[in-house]
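Have a look at the structure below before the remarks.
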Amino acid sequence: MISIREDGGNGSLSAFEQEIHGIFSEQGKLSHGAGFEFRKEQQDMACAVARTLEQGRQIVVEAGTGVGKSLAYLVPAALHAIRTKRKAVISTHTISLQEQLIFKDIPFVQNLLDEDFEALLMKGRQNYLCATRLARALAHAADLFTTEQKSELERIRDWSLTTKDGSLSDFLEQPDPAVWEEVRSEQHLCTPKMCGQNSGCHYQALRRRIAGAHMVVLNHALFFTLLGAVEDAEHRTGGLLFANDFVIFDEAHTIEEVASRHIGQEVSQLGLRRAIQRLYNPRTKRGLFQFLKNGSACKAVADILPASDSFFQAVTAKCSFKKGRDFRIREAGWVDGGEVCTNLARLGELIATESARCKEEISAAELQDAARKLRSARAAITDFLALDHPDHVYWVEKIGRQEQFCTLRSAPVDLADALRRLLFREGACSVLTSATLSVGSPDLTYFRQRIGAEDVSALQIGSPFDYEKQMQLHLVRQMPDPKDAGYETALEKWIAHFTDKSLARAFVLFTSYQTMRAVSEKMEPHFAKKGWPLLVQGTGMPAQRMIREFRENSHSVLFGVSSFWTGVDVPGDALSSVIITRLPFATPDHPLTEARLEAIESEGGRAFESYSLPEAILRLRQGVGRLIRSKSDTGTVVILDSRIVNKPYGKSFLRAMPKCPVEIH
């Protein structure tokens, strides 16, 4: 364990630390709660968080599964927020953890403490209905919507009369995205000025409540969206998002991945088309210019739309997607964007003319918002084609199955500098925690370097679980290489063997959709014969429902990729085996991964040891972590990748695993 104490951790505790230490002691306030179990690890983490908040510093904490991280940071965060009048911002990666915090952990803390505090869940503003925009849409429905869309608009109006929070999650059946886009909250359209206290605007009501709340729970994506550009954040005083706030990141191992999507840029073909069609849609003959009765502007939009699609078609034609859905752009001027940029500028001029003539404030604001989005798209296209930032990687991503669209994306190759300036600058107070941050070193060096936290204190706290008794690890030495003809047959054999031993109740984790689909099709008769439901990711069932079905049926097998490696919690007998089909090395084909590997090599480093291996170790630890979720859980982890036994680097994976009995087949 590495202490953030300069005196090595043996000095006297501050009054606040003593209070937190007492709350988490064997006779403290927590001990009166149902099911309380004293955990020294939880007490240590809570004291470290209290010390960090009191000193206004930063800390990175790895706390093993079962420590009880959420209570260890919520209790000191709540007390610190109440007494200093500084807002606690709790940021998570998954919806499931947000729900656990809002509906379970925070109410428990509210009952535990003598002092009242308010905690709110904050979602992205586009999840919320704007009453002002809804009223305008209803008033001008004939010019903005088709007959079918008007029916959908009326359904939204009826829902607005009974909804509790005005957010999409309150819908039983989600609304048509094109209609929702016209009534949802938008930054420049749903403002305190336009949506006053008597407007009934749910988003502005939430913002007013947030201003007075002690604690706000949101996700990493929204955090970085609200934070804005690095330069903007650097000039804010006293906090990150709001005045004098402090931030706690749970599931912190995902921060680099999420930040790369928000600190970079993107221009979507589909998004740009929809932005233009908001002005006028030639097919439906509806839109803002139609409402304003400007025939020449409508014709101009009808002429420009094909040019926009032609640009993206030219982009796609220049790309080779043989290796996947992403194609990296390495040279400027690889496609001509002059026409589309000229057309977007022309649209901006038309909007400016109409906006100046528009007497209705909300309609003028709608036009200005449309112009703002088109300007942003034009600037991003120009930047993308010029490859203006040498420290960024640029690529084209293809999306859609039946109808293909593409998106232009860019992101910094190295996020450490940006995150250092955003999160770890002078005066910013933050706690970052996860069960999986270490790749073998107790000072969490790899993770800290990746996110620019080299100078931030580190603390590693082990799990209270007894893995020697609770878990067994099975390794298969004779698995063929994934490129061999017999690979999928071998997977079927060993998956059948180990699921038979566990009587189903297994997660089978893949790194490839293609392999997962092929193996699931071949194994479905095997599971059907035994009466075991087979749940396969990507077959139409939402992930949350898959987990619910898995929990409720005592003999299920779940095949999953990506999202099932992390953030999924199935304690108890429902999950008794986690089968990992392949060591989760990131494919070097993705442009961002490829660029990171190249950057390491160009500086004289070894990309495999410096990036590929530690990333795979973290990913494996997350997958393994799905199994043991409580002190009563038992089960087996199976790794069907012979490299963990046969390659020298296999020892690095094994050193990072919980110490438990190992059997090699």
Side-chain angles (χ1 to χ4, degrees), residues 93 220 251-264 321-328 392-398 409-416 419 434 436-440 444-451 481-483 487 508-516 537-538 560-568 578 580-603 605-626 639-644 647-650 652-654 656-657:
H93 181 61
H220 297 339
E251 301 176 310
H253 59 275
T254 62
I255 279 181
E256 184 183 16
E257 173 195 345
V258 176
S260 69
R261 294 198 298 268
H262 288 79
I263 293 176
F321 294 104
K322 293 179 181 178
K323 293 183 178 180
R325 290 184 167 268
D326 306 290
F327 180 77
R328 185 175 174 186
H392 280 49
V393 59
Y394 295 79
W395 73 97
V396 179
E397 179 181 287
K398 184 173 63 173
R409 295 188 182 276
S410 70
V413 176
D414 183 3
L415 279 165
L419 291 176
S434 170
T436 49
L437 298 177
S438 168
V439 295
L444 315 179
T445 300
Y446 175 75
F447 174 75
R448 289 160 62 214
Q449 288 177 340
R450 293 300 310 170
I451 64 167
D481 186 275
K483 296 178 182 177
Y487 175 67
V508 185
L509 302 179
F510 293 81
T511 60
S512 160
Y513 266 107
Q514 184 177 350
T515 303
M516 180 183 69
Q537 187 176 3
V561 296
S562 56
S563 58
F564 282 96
W565 284 74
T566 183
V568 178
V578 171
I580 292 170
T581 58
R582 194 174 181 185
L583 293 175
F585 286 104
T587 170
D589 296 337
H590 190 279
L592 189 52
T593 303
E594 182 183 52
R596 286 172 176 166
L597 298 177
E598 289 173 358
I600 293 169
E601 296 282 354
S602 69
E603 294 176 0
R606 297 169 65 90
F608 180 79
E609 289 86 351
S610 298
Y611 183 78
S612 299
L613 181 59
E615 285 293 315
I617 290 172
L618 285 175
R619 191 71 169 161
L620 181 67
R621 291 187 64 205
Q622 290 156 16
V624 170
R626 298 314 97 214
I639 300 178
L640 301 178
D641 190 327
S642 60
R643 291 176 294 179
I644 199 166
K647 295 289 186 181
Y649 59 74
S652 297
F653 284 101
L654 294 175
M657 298 276 281

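Because only heavy atoms are used, hydrogens play no part in the values below, and waters and symmetry mates are left out as well, while side chains stay in.
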Passes salt bridge (Lys or Arg N to Asp or Glu O under 4.0 Å), D481 versus K483? Steps please. CA-CA 5 Å; D481 186 275; K483 296 178 182 177; 5.7 Å; no

Restricting to non-hydrogen atoms, name the atom on F321 and the atom on V396 that form the minimum distance, rounded to 0.1 Å. CE2-O, 3.8 Å

What's the verdict on salt bridge (Lys or Arg N to Asp or Glu O under 4.0 Å) for E615 and R619, showing C-alpha distance, side-chain angles and the deciding distance? CA-CA 6 Å; E615 285 293 315; R619 191 71 169 161; over 6 Å; no

Are any side-chain N or O atoms of T581 and backbone N or O atoms of L509, one a donor and one an acceptor, separated by less than 3.5 Å? yes

Test side-chain hydrogen bond (donor to acceptor under 3.5 Å, both in side chains) applied to R450 - qualifying residues, sequence neighbours left out: E256

If you look at every heavy atom in T593 and P588, which pair is closest and at what distance? CG2-CA, 4.2 Å

So do the side chains of I255 and L415 get within less than 4.5 Å of each other, counting heavy atoms only? no

Evaluate R621 against S438 for side-chain contact (heavy atoms from CB on, under 4.5 Å), listing each step before the verdict. CA-CA 9 Å; R621 291 187 64 205; S438 168; 3.8 Å; yes

Where the side chain of R626 meets the backbone of F564, is there a donor-acceptor pair that is under 3.5 Å apart? no

OH of Y649 to CD1 of I617, rounded to nearest 0.5 Å, is 11.0 Å

Among all residues two or more places apart in sequence or in another chain, which pass the side-chain hydrogen bond (donor to acceptor under 3.5 Å, both in side chains) test with S563? Q537

Is the side chain of H590 donor-acceptor paired with the backbone N or O of G324 at a distance under 3.5 Å, no angle test? no

If you apply the rule side-chain contact (heavy atoms from CB on, under 4.5 Å), what do you find for F585 with L613, and how did you get there? CA-CA 7 Å; F585 286 104; L613 181 59; 4.2 Å; yes

Between the OG1 atom in T254 and the CG atom in L618, the distance rounded to the nearest 0.5 Å is 11.5 Å

Gap separating the CD1 atom of I639 from the CG atom of L620, nearest 0.5 angstrom: 5.0 Å

Whether the side chain of W565 engages the backbone of G560 through a donor-acceptor N/O pair (distance < 3.5 Å, no angle test) should be reported. no

Only counting residues at least two apart or in another chain, list the ones meeting side-chain contact (heavy atoms from CB on, under 4.5 Å) with P482. Y487, R582

Apply the test side-chain contact (heavy atoms from CB on, under 4.5 Å) to residues I644 and L654: give CA-CA distance (whole Å), side-chain angles for both, the deciding distance (0.1 Å), then the verdict. CA-CA 8 Å; I644 199 166; L654 294 175; 3.8 Å; yes

Can you tell me how far apart CG (L597) and OG (S602) are? Round to the nearest 0.5 Å. 11.0 Å

Taking atom CD1 of I600 and atom CZ of F608, what is their separation to the nearest 0.5 Å? 12.0 Å

Nearest 0.5 Å, what's the CG-NZ distance between L583 and K647? 11.5 Å

For E601, which residues count as a salt bridge (Lys or Arg N to Asp or Glu O under 4.0 Å) partner, sequence neighbours excluded? none

side-chain hydrogen bond (donor to acceptor under 3.5 Å, both in side chains) partners of E397, counting only residues at least two apart: R409

Partner set under side-chain hydrogen bond (donor to acceptor under 3.5 Å, both in side chains) for R325, not counting sequence neighbours: none

